[in-house]
There are 2 protein chains.
Amino acid sequence: MKLNERHLMLLAAVVDAGGVSEGAALLGLTQPAVSRALVMLEARVGEPLFQRGRRPLRPTPLGAQLAAHGRTILAASREASSTVSGFVRGTKGTVRVGGVPFFIDAMISTMIAGFLTLEPDVNVRLSYGNTPEMAKALEGDQIDLAIVPIGLTDATPGFDFTEILPGRNVVACRAGHPLARQRRLQAADLKGFPWVAPLPGSPLLTDLHSILVGMGLPEFDIRFSGGSLMAVLNYMAGSDALTILPFSVVFSQRLENRIASLPFDIPQPQRALGILRRRNAPKNPVAERFAAHIVQSFDELKHLIKRHENAVVWGR
Amino acid sequence: MKLNERHLMLLAAVVDAGGVSEGAALLGLTQPAVSRALVMLEARVGEPLFQRGRRPLRPTPLGAQLAAHGRTILAASREASSTVSGFVRGTKGTVRVGGVPFFIDAMISTMIAGFLTLEPDVNVRLSYGNTPEMAKALEGDQIDLAIVPIGLTDATPGFDFTEILPGRNVVACRAGHPLARQRRLQAADLKGFPWVAPLPGSPLLTDLHSILVGMGLPEFDIRFSGGSLMAVLNYMAGSDALTILPFSVVFSQRLENRIASLPFDIPQPQRALGILRRRNAPKNPVAERFAAHIVQSFDELKHLIKRHENAVVWGR
DNA sequence: TGATCAATATACCATTCTGTTATGAAGCTG
DNA sequence: CAGCTTCATAACAGAATGGTATATTGATCA
């Protein structure tokens, strides 16, 4: 007993409106069109759906039940329409975001919160990974965009890269660390402190190695590695260990007052954090709006950093 | 942006089946029909719904979302079909039952439980009232059937009345009542005990009055009235009060061993409990099945009563 | 890199459905 | 009972749906 879905919708409208004419008006149709559809549905069902010959049109029990199903179809149809218009406006849908763990945890997560507050009908699905995995995920359409660090020189074909923050690493330690008081540090001063290494695969790890070797500290002491940002921060706060972190990550923790950056110059990577997207990915306006929000948030962050640094300089 | 619901369903089938041909087969259509519907839907939406030119057909984010709505429509449509076939078989739907309080509470409620156990997809909506209200409710299509007592002589036009139990009243008291031990009672024996009167409007009330007056007990003492069956039974169990109850109601309480009927003959009403239905009510097979179940349950009850009475006679 | 295979898209046609206007039939109201 | 309102039906135009036949396009493999 296959029923015509349009007929069920018309039935729902008629039952809800309390009359054939009213239901037709509700749907922007004429009364005969609806009337005939009801007759056809009734014929298909083989049972009366209305109490015929009663002026306040009243559905039979079966009619009322079928109307309920018609109502859900009608609702789903409206939802679908709203999904489409929400999609083209970028105010409805899902963004699948990938990113490197430290930046996601330190800053992107907060920015996601800001975005979702602005866009209540949007979902964000987050996943973690380093740049190569993220590129693969973009390729396979598992994510819409990735927030990753990329070398400034290597432009990958088929991908768009929007730079949002130049790479800038600092040596970080806990607030109140013995080295934190000094104004200028030599490589030799860092000797004797253990080091924390980030997740394997992270460019920070190679940065750390090259910097330490370049500093003439070939036999450095790595006691903790592989932790997430929160794990690293917690460990740092409870020890005198040193590590390499992006300055922005250290900056994002300034209100917690748990870690500080040391006044020690290290070679900077030719790398920038940015948004990586596949060039001919299926259009997803929400993803574009999300990317725009991330770019804007980082602009604000950069201004904040600038103001903060000026304040620090003046404060001295 | 009004979308075609059929197209949404086809989309859902194609996405779920993982291909146009498979989706078409799923729906019993040919591949070109489905293919064209998708093209039309895409044109209407104005955005791609599939990653074109990828062999394992993959929907775009928007396509996937619309497919979800299509799935809802498809499910509602199937539900509607099942509602129809369930309706004609009488295995799905709602019975709106009305009835007089004492019988509903004493027996019908248990029978409803039995019916709903047999018919897991059926709903029962119960309402209470005396015969005139129930007739009005039938008239106004608020209920499908009423279980009420009706005088054997008055056949109301426009209604069908199916007798299920002849009227038979007894004088009831608590188990262990001083009068319960005696073999034969005179009217005078009942003097001095207070009486419980049922809900106003109940025929039992007029029965009670006429019986008491006929017994020569004009100044009887009514200390409690208007309670539901449970209220009356609880009160009776805690007092030496007497009341008039249908024998079947007393019988239904036999396992509780809280009340008993007195061996005292009273005039019986020319009345029977039965199922009242409007003659030209909209067809509702569930209601018919329910009525049949009630009739059958009462048949079983009558046999039970007969066996029970024989046992009592033999026991003496 | 072609040749081949499998799946999708398109063309074309018959049929059904949908929607409109015009009009008849039936119930409610005063 | 007349008049009003609402629903049902008739007739027709246009759109849609669904089918067969066929072209096109990726994917696969030698």
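In what follows, every chain begins at residue 1, and chains take the letters A, B, ... in the order their sequences are listed.
Surrounding NZ of B:Lys2 are more than 12 heavy atoms belonging to other residues, nucleotides or ligands, all under 6.0 Å away. Counting heavy atoms of neighbouring residues, nucleotides and ligands inside a 6.0 Å radius, atom CD of A:Glu163 exceeds 12 of them.
Classified by interplanar angle (parallel below 30°, tilted 30° to 60°, perpendicular above 60°), the ring pair A:Phe290/A:Phe115 is perpendicular.
Following rounding to the nearest Å, A:Phe50 (CZ) and C:dA26 (P) show an atom-to-atom distance of 19 Å. Rounded to whole Å, atom C1' of C:dG27 lies 12 Å from atom CG of A:Leu57. For B:Leu27 and D:dG18, the CG to C1' distance is 13 Å, given to the nearest whole Å. Put simply, NE2 on B:His7 is 13 Å from C1' on C:dC17, counting in whole angstrom units. When the P atom of D:dG18 is taken as reference, atom CD of B:Gln31 falls 14 Å away, rounded to whole Å. Between A:Leu29 atom CG and D:dA8 atom P there is a gap of 15 Å when expressed in whole angstrom units. Following rounding to the nearest Å, A:Leu10 (CG) and D:dA8 (P) show an atom-to-atom distance of 13 Å. Summarising the geometry, the separation between CE on A:Met40 and P on D:dT9 is reported as 13 Å, rounded to the nearest angstrom.
Using a 4.0 Å cut-off, some side-chain N or O of A:Asn4 falls inside it from OP1 or OP2 of C:dT18. Within the structure, every side-chain polar atom (N or O) of A:Arg36 is placed at least 4.0 Å from both OP1 and OP2 of D:dT9.
The listed nucleotides are D:dT6, C:dT10, D:dA8; the one nearest the side chain of A:Val20 is D:dA8. Candidate nucleotides C:dT8, D:dA8, D:dT20 were compared by shortest atom distance to the side chain of B:Thr30, and D:dT20 ranks first.
Salt bridge annotation for B:Asp141-B:Arg96: present, with a cationic side-chain nitrogen under 4.0 angstrom from a carboxylate oxygen.
A residue-by-residue look at A:Pro32 and A:Arg6 shows that A:Arg6 has its nearest nucleotide of DNA chain C further toward the 5' end.
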